[in-house]
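All of these numbers come straight from a predicted model, not from anything done at the bench. Heavy atoms only: backbone and side chains are in, while hydrogens, waters and symmetry mates are out.
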There are 2 protein chains.
Amino acid sequence: MLGAERRKRLLHAVRAEGVAHVGMLAERLDVSPSTIRRDLSALQAQGLLNRTHGGAMAEAVQADEPDRPQRSGVASREKSKLASAAVEHIAPGATILVTGGTTTAAMVPLLEGIERLTVVTNSLHLAVDLARFEEISTVVLGGYLRHREMSLLGHLTRQALEELQVDEAFVGAYGITEAGISGAHVDEAETDRWLLSRVRRITALVDGSKFGRSGPVRIAPARQLYRVITDGSAPEDELDALRAAGVDVVQV
Amino acid sequence: MLGAERRKRLLHAVRAEGVAHVGMLAERLDVSPSTIRRDLSALQAQGLLNRTHGGAMAEAVQADEPDRPQRSGVASREKSKLASAAVEHIAPGATILVTGGTTTAAMVPLLEGIERLTVVTNSLHLAVDLARFEEISTVVLGGYLRHREMSLLGHLTRQALEELQVDEAFVGAYGITEAGISGAHVDEAETDRWLLSRVRRITALVDGSKFGRSGPVRIAPARQLYRVITDGSAPEDELDALRAAGVDVVQV
DNA sequence: TCACTGTTGCTCATTTTTGCTCATTGACGC
DNA sequence: GCGTCAATGAGCAAAAATGAGCAACAGTGA
């Protein structure tokens with residue numbers, strides 16, 4: 001069987017049944033578990049399914065369920081702490097770029113009160129959250145809507161940013177290593193990478209669990225990062241490597 | 001059972017019943033109480049439920065989301081009828097522009113099933129509603145967010161549309177007379193006017209109460225309109241005037 | 001034919017998950 | 001305030017899953 005055909009069947013199985021186990025898939029498609037794992041990783045990189053331990057699921061348990069957005073302020077304490085540290089450094093009158101993600105979303109309710117703030121985003125979720133704060137001037141970068149993440153991507157998104165002058169960007173990430181931050185979904189990360197290449201100061205918000213993990217697409221190299229905000233669970237050696245690369249590391 | 005699957009079920013059980021006990025969950029899912037506790041902790045860290053002693057409670061439902069009160073499908077019958085007539089004329093493979101408004105929003109759930117449809121909009125509400133339909137390719141025009149109407153305006157919005165080729169536009173209006181359609185808010189109407197000037201076919205959705213009323217800003221003159229969809233309560237003489245201007249008038 | 005590339009299955013060290021134990025904590029009744 | 005008991009979280013060991021590395025193999029083009 002062709003590899004592409006196998007991946008197609010595999011995706012179909014996951015979608016049809018909601019969940020699938022590596023062992024079961026290996027047996028059904030008559031290939032080794034290693035191959036199944038590689039296939040699942042590839043499909044995840046394309047954002048077509050969610051990898052989990054032991055298999056994969058069509059829909060993640062995570063907060064990005066389109067059904068129950070339950071956004072706006074209902075961030076976990078951990079994310080709120082990171083967000084709080086990030087917001088501290090924002091000056092009145094600043095123009096900031098905030099990309100999509102649950103960690104960066106936690107910043108929104110904390111932005112209230114910063115004077116003459118302009119927030120630029122390519123995330124629909126962020127934009128909707130921001131709409132509640134009349135004093136915050138909000139700019140949405142247009143683009144093709146990626147349904148699952150509610151983010152806007154592509155040529156239009158990039159073109160819109162060209163028109164703007166952004167002081168600082170705040171981003172989440174799928175993973176962070178001494179090489180830099182990386183994303184899980186190819187097209188989303190690609191747009192993120194482009195957006196960040198236009199911004200001088202980049203602050204990444206990553207909890208400790210993201211360290212040492214690397215997604216398929218690099219979003220920004222370490223030397224491009226201005227600041228990394230993380231929590232106490234981040235491994236010291238990784239933090240040292242970042243510091244050596246000139247990154248300002250903040251632990252909360 | 002997959003760990004992630006178990007957490008999903010667990011969350012579902014908590015949400016369905018409001019509260020859940022560790023012991024009960026352990027028995028039902030056939031795992032140890034320790035595992036249940038770990039799962040509950042993880043879900044709490046994601047802000048998806050509230051941990052209590054002995055079990056967990058569903059996350060308090062955010063009472064009044066100021067954002068989407070009666071959006072998404074809960075349109076009045078009148079508006080749905082207009083929307084339904086509008087959707088009838090959309091061909092497979094079309095690219096349509098839909099501006100913000102409660103009448104046009106009623107079109108969204110009816111768009112499902114039209115093949116290879118691309119919807120362009122400058123309304124955040126529309127975009128969020130459209131995100132539920134994976135088959136619909138959605139493009140959001142960027143711009144400055146107008147908080148009250150959740151619409152995107154200004155230079156970026158116009159620039160984004162320049163990049164696109166739209167077959168037909170569907171718009172609501174504050175008022176309609178033989179002179180054309182008009183809007184209530186200056187900056188919003190201005191952007192609408194610009195957007196519509198780039199589209200050949202314009203279909204306006206206006207219920208009978210809008211006739212004879214005129215807002216401060218003209219959005220499009222009658223001769224620019226391709227079709228007007230209205231209901232039985234529209235005054236005949238106004239409709240005749242529109243017909244005389246070459247507009248296709250549809251009454252539902 | 002031969003060098004090269006991409007895929008597959010296997011091995012193995014590492015990571016993650018899970019159930020258990022046990023000291024500590026919190027809830028509840030008196 | 002106090003005692004009782006269930007619930008909890010940390011620590012631990014076993015089992016399962018994982019990813020990196022490696023060799024074998026098939027297909028491609030010179």
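- Per the geometry, CG belonging to B:Leu40 stands 8 Å off P belonging to D:dT8, to the nearest Å.
- In this structure a side-chain-to-backbone donor-acceptor pair under 3.5 Å is present from B:Thr121 to B:Val98.
- Every side chain to side chain donor-acceptor pair (under 3.5 Å) that A:Arg6 has, sequence neighbours left out, goes to A:Asp39.
- When atom types are taken as modelled, the side chain of A:His147 and the backbone of B:Phe133 share a donor-acceptor pair closer than 3.5 angstrom.
- In this structure A:Arg116 satisfies the salt bridge (Lys or Arg N to Asp or Glu O under 4.0 Å) test with no other residue, sequence neighbours excluded.
- B:Glu134 and A:Arg15 are not joined by a salt bridge, as no carboxylate oxygen comes within less than 4.0 angstrom of a charged side-chain nitrogen.
- In this entry the distance linking CZ of B:Arg37 with P of D:dA7 reads 8 Å, nearest Å.
- Residues forming a salt bridge (Lys or Arg N to Asp or Glu O under 4.0 Å) with A:Asp248 (at least two apart in sequence, or on another chain): A:Arg227.
- A 4.5 Å side-chain heavy-atom check between A:Glu188 and A:Arg148 finds every atom pair outside the cut-off.
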Sugar-phosphate or base contact per nucleotide [nucleotides 9-30 of chain C; S, B, -; heavy atom under 4.0 Å]: BB-----SSBBB-----SS---
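- Summary for the helix from C:dT1-D:dA30 to C:dC30-D:dG1: the axes at its two ends, each from 5 pairs, differ by 50° when rounded to the nearest 10 degrees.
- Among residues at least two apart or in separate chains, salt bridge (charged side-chain N to carboxylate O under 4.0 Å, His left out) pairs with a member in residues 189-206 of chain A are A:Glu162-A:Arg198.
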